[in-house]
Number of protein chains: 2
Amino acid sequence: MNALNRQWRLVRRPVGLVDANDIKFGEAEIPEVHENEFLVQNLLISLDPTQRLWISGKETYFPPMPVGDVMWAGSVGVVKSSRHKDFPVGAHVSSFSFGMQDYCVSNGEGVSVIPPFVPLDAWFAVFGHIGITAYFGLLDIGQPKAGDTLVVSGAAGAVGSLVGQIGRIKGCRVVGIAGTAEKCEWLKKDLGFDATINYKTENVALRLKETCPKGIDIYFDNVGGEILDAALANLSIGARIPMCGMISQYNKAEWSGPTNMMELVNKRARMQGFLVLDYLPRAEEAMTQLGGWLNEGKIKYRVEIVSGLASAMTAFNRLFDGANQGKLVVDLRNDSH
Amino acid sequence: MNALNRQWRLVRRPVGLVDANDIKFGEAEIPEVHENEFLVQNLLISLDPTQRLWISGKETYFPPMPVGDVMWAGSVGVVKSSRHKDFPVGAHVSSFSFGMQDYCVSNGEGVSVIPPFVPLDAWFAVFGHIGITAYFGLLDIGQPKAGDTLVVSGAAGAVGSLVGQIGRIKGCRVVGIAGTAEKCEWLKKDLGFDATINYKTENVALRLKETCPKGIDIYFDNVGGEILDAALANLSIGARIPMCGMISQYNKAEWSGPTNMMELVNKRARMQGFLVLDYLPRAEEAMTQLGGWLNEGKIKYRVEIVSGLASAMTAFNRLFDGANQGKLVVDLRNDSH
């Protein structure tokens with residue numbers, strides 16, 4: 001066990017992309033374990049766009065994360081010592097409450113034990129919050145029917161790549177929007193997307209018109225902004241827009257758009273936000289189904305590993321410039337410090 | 001019968017508010033009636049914000065109205081001569097196909113016969129497209145439950161004032177947003193709204209926070225723009241936003257906002273557009289129910305009459321500056337020309 005507890009702490013609210021003066025790397029004592037508590041050592045930490053919202057100071061679906069807190073994150077850890085009967089030493093556990101640090105003490109609230117048969121590197125990419133988000137966001141909010149045209153933005157991202165594949169399984173024609181030729185190639189060749197649009201080199205509105213001649217039945221939105229406007233301009237009558245997030249806006253002080261919301265009236269369309277939190281009681285349904293598809297080879301994923309806790313916050317900005325490939329995860333298992 | 005057919009024709013696409021160079025008043029011959037056709041004399045013509053969209057040149061839920069056409073409008077007329085068995089002379093008929101003119105010939109497509117017991121001045125205010133819009137927009141899309149907080153913009157308008165009253169009948173707390181003290185007074189005193197906000201003199205976001213301490217469960221939107229942003233900032237979890245229209249934007253070349261769509265995610269809220277056209281097959285349900293409430297004194301309405309076809313297009317702009325009080329209708333019954 002490491003003698004010290006390395007931590008990333010929010011010291012200042014960022015403007016634009018996060019930098020080293022906003023979230024600082026430091027050390028603290030390893031906290032003591034009391035009755036009905038256990039000590040967790042983080043093994044893998046998930047980097048997600050929504051973390052940028054938590055530190056923005058805005059009221060979101062949570063109150064703003066206070067300046068001074070250890071950075072909030074989803075993570076997977078191992079129980080190192082325990083005075084809690086439900087969390088034995090050696091168990092793999094997952095939570096949003098462990099923070100971006102080596103160690104923390106938990107009383108078990110909001111903590112799940114990961115079944116031993118789940119490979120840890122698939123946890124964040126297919127199961128956990130990503131899989132539950134993709135599964136219910138598409139099926140519950142998007143209501144796909146065979147033959148529907150499904151468009152996904154952030155399509156090569158963790159949620160987007162799953163959404164597209166679930167759409168294919170349900171019989172949809174799937175068009176993915178991503179930011180590099182390599183990502184578009186991966187979506188088409190490996191994941192079976194029917195068409196892709198590179199939003200950095202192509203006119204998205206025009207290409208949506210070409211690739212969706214009957215209009216978009218479902219637009220699964222991860223990004224907001226101009227791409228949402230382009231999708232609104234190409235809806236079919238009765239379209240559904242599950243709103244997962246608006247990555248394009250998270251680093252902005254003033255959010256903008258969309259400008260053509262009247263398309264919701266013209267096309268009698270529905271735009272609906274959702275949060276994974278509301279689906280946690282139904283998590284098992286998603287995980288069972290996703291696990292089945294994974295075993296049958298119907299779902300593929302990729303994980304981009306960032307080595308070492310010290311590299312975490314530099315890597316974080318890769319979520320916003322289109323650089324990351326697949327689920328971005330910080331691996332602490334080989335950390336020596 | 002008048003010897004000539006007076007008409008308003010679109011001669012140029014307007015920029016901003018419509019003026020006399022965009023839509024011109026002229027005369028034409030009265031058209032001939034052929035087999036399976038009938039001649040209609042317009043008695044009442046409805047002025048509606050959505051007409052501004054039709055002439056904008058934009059694709060909306062209809063293709064753009066061509067320059068040169070007689071201005072499209074909803075109207076009520078009387079059959080003056082007939083070679084069609086379903087439309088006898090003397091019948092009162094309603095349609096969106098008669099145009100802003102004295103006379104037209106119809107083959108009956110898209111024409112309803114108004115039952116003799118319906119007073120004509122209630123037709124546009126309570127029945128017809130206004131009533132069907134309010135009834136299904138609130139009940140089908142808004143899904144009100146007793147105890148819900150319902151906010152209506154354009155609350156003193158034809159649709160808005162009905163929506164608020166139907167909300168009250170369904171047990172909602174109703175807050176209306178309107179543009180004059182007189183309208184707010186009418187909503188509270190005569191229609192039983194629980195609270196009102198004068199958007200021209202009050203801070204809407206702040207007043208929504210005050211008047212909706214538990215958040216907005218249903219925001220029935222007639223106006224879009226800044227008021228929509230203010231409503232988004234005050235939603236309750238699971239809120240519904242029936243989108244009826246965006247009057248605040250119709251005269252603009254570049255539409256704007258809303259800027260805080262992320263609130264749909266934060267509050268797991270649903271925004272859904274709808275069109276009265278889709279509910280025409282269920283019109284009888286709405287009209288029966290609305291007629292019942294009208295007879296029981298549970299629904300009140302007011303109609304602002306514009307006298308004479310020649311005054312129609314000047315009056316039209318009253319829909320956009322908050323000047324009109326209740327359903328705006330052009331009365332041709334006393335026209336002499």
Side-chain angles (χ1 to χ4, degrees), chain A residues 49-50 52-54 56 58-63 133 136-137 140-141 221-225 228-229 232-235 237-250 252-279, chain B residues 49-50 52-54 56 58-63 133 136-137 140-141 221-225 228-229 232-235 237-250 252-279:
Chain A
T50 196
R52 180 63 185 79
L53 281 182
W54 298 342
S56 68
K58 283 186 206 281
E59 278 289 330
T60 62
Y61 47 93
F62 290 141
T133 297
F136 289 109
D140 228 50
I141 311 290
D221 192 17
N222 286 305
V223 303
L228 172 56
D229 258 334
L232 283 166
N234 286 285
L235 299 179
I237 288 176
R240 289 83 69 200
I241 305 181
M243 288 183 69
C244 185
M246 306 189 102
I247 302 181
S248 70
Q249 306 293 308
Y250 293 174
K252 290 188 181 178
E254 299 280 327
W255 290 33
S256 60
T259 60
N260 55 356
M261 293 293 297
M262 190 66 190
E263 290 297 326
L264 292 189
V265 180
N266 294 337
K267 300 295 168 53
R268 304 78 140 164
R270 168 166 61 82
M271 198 163 188
Q272 188 165 350
F274 67 97
L275 285 179
V276 65
L277 301 173
D278 297 331
Y279 289 106
Chain B
T50 195
R52 180 63 185 80
L53 281 182
W54 298 342
S56 67
K58 284 186 206 281
E59 277 289 329
T60 62
Y61 48 93
F62 290 142
T133 297
F136 289 109
D140 228 50
I141 311 289
D221 192 17
N222 286 304
V223 303
L228 172 55
D229 257 335
L232 284 166
N234 286 284
L235 299 179
I237 288 176
R240 288 85 68 201
I241 306 181
M243 287 182 69
C244 184
M246 307 189 102
I247 302 181
S248 70
Q249 306 293 308
Y250 293 174
K252 290 188 181 178
E254 298 281 326
W255 291 34
S256 60
T259 61
N260 55 355
M261 293 293 297
M262 190 67 190
E263 289 297 325
L264 292 188
V265 179
N266 294 337
K267 299 296 168 52
R268 304 79 140 166
R270 167 167 62 81
M271 198 162 187
Q272 189 166 349
F274 66 97
L275 284 180
V276 65
L277 302 175
D278 298 331
Y279 289 106

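Throughout, a chain's letter reflects where its sequence line sits, starting with A, and its residues are numbered from 1. Model, not experiment: these values are computed from the prediction. Both backbone and side-chain heavy atoms feed into the values below; hydrogens, waters and symmetry mates do not.
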Part of A/L53 lying under 4.5 Å from any heavy atom of chain B: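 Just its side chain gets close to chain B.
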Can you tell which part of A/N260 gets under 4.5 Å to a heavy atom of chain B, answering side chain, backbone, both or neither?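 Contact with chain B is absent: no heavy atom of A/N260 under 4.5 Å.
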Side chains of A/R270 and B/M271: does their closest heavy-atom pair fall under 4.5 Å?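 No - every pair of side-chain heavy atoms lies 4.5 Å or more apart.
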Starting from the C-alpha separation in whole Å, work towards a yes-or-no answer on side chain to side chain contact (heavy atoms under 4.5 Å, CB included) for B/T259 and A/E254. CA-CA 8 Å; B/T259 61; A/E254 299 280 327; over 6 Å; no
Please name the pair of heavy atoms, one in A/V265 and one in B/M243, separated by the smallest distance, quoted to 0.1 Å.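 Shortest heavy-atom contact: CG2-O, 3.5 Å.
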At their closest point, which heavy atom of B/L275 faces which heavy atom of A/N266, and how far apart are they?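 Closest approach of B/L275 to A/N266: CD1-O, 4.0 Å.
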The test is side chain to side chain contact (heavy atoms under 4.5 Å, CB included); show your working for A/Y61 and B/K267 and say whether it passes. CA-CA 7 Å; A/Y61 47 93; B/K267 299 296 168 52; over 6 Å; no
Quick check on B/E263 against chain A: is it the side chain, the backbone, both or neither that has a heavy atom closer than 4.5 Å?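 Contact with chain A: side chain only.
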Intermediate values then yes/no, side chain to side chain contact (heavy atoms under 4.5 Å, CB included), B/Q249 and A/M262: CA-CA 9 Å; B/Q249 306 293 308; A/M262 190 66 190; over 6 Å; no
With chain A as the partner, which of B/L228, B/L277, B/L264, B/I241 has the greatest number of non-hydrogen pairs under 4.5 Å?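 Most heavy-atom pairs under 4.5 Å with chain A: B/L264.
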Only pairs of heavy atoms separated by less than 4.5 Å count here; which of A/M261, A/M246, A/E59 has the most with chain B?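 The candidate making the most pairs under 4.5 Å is A/M261.
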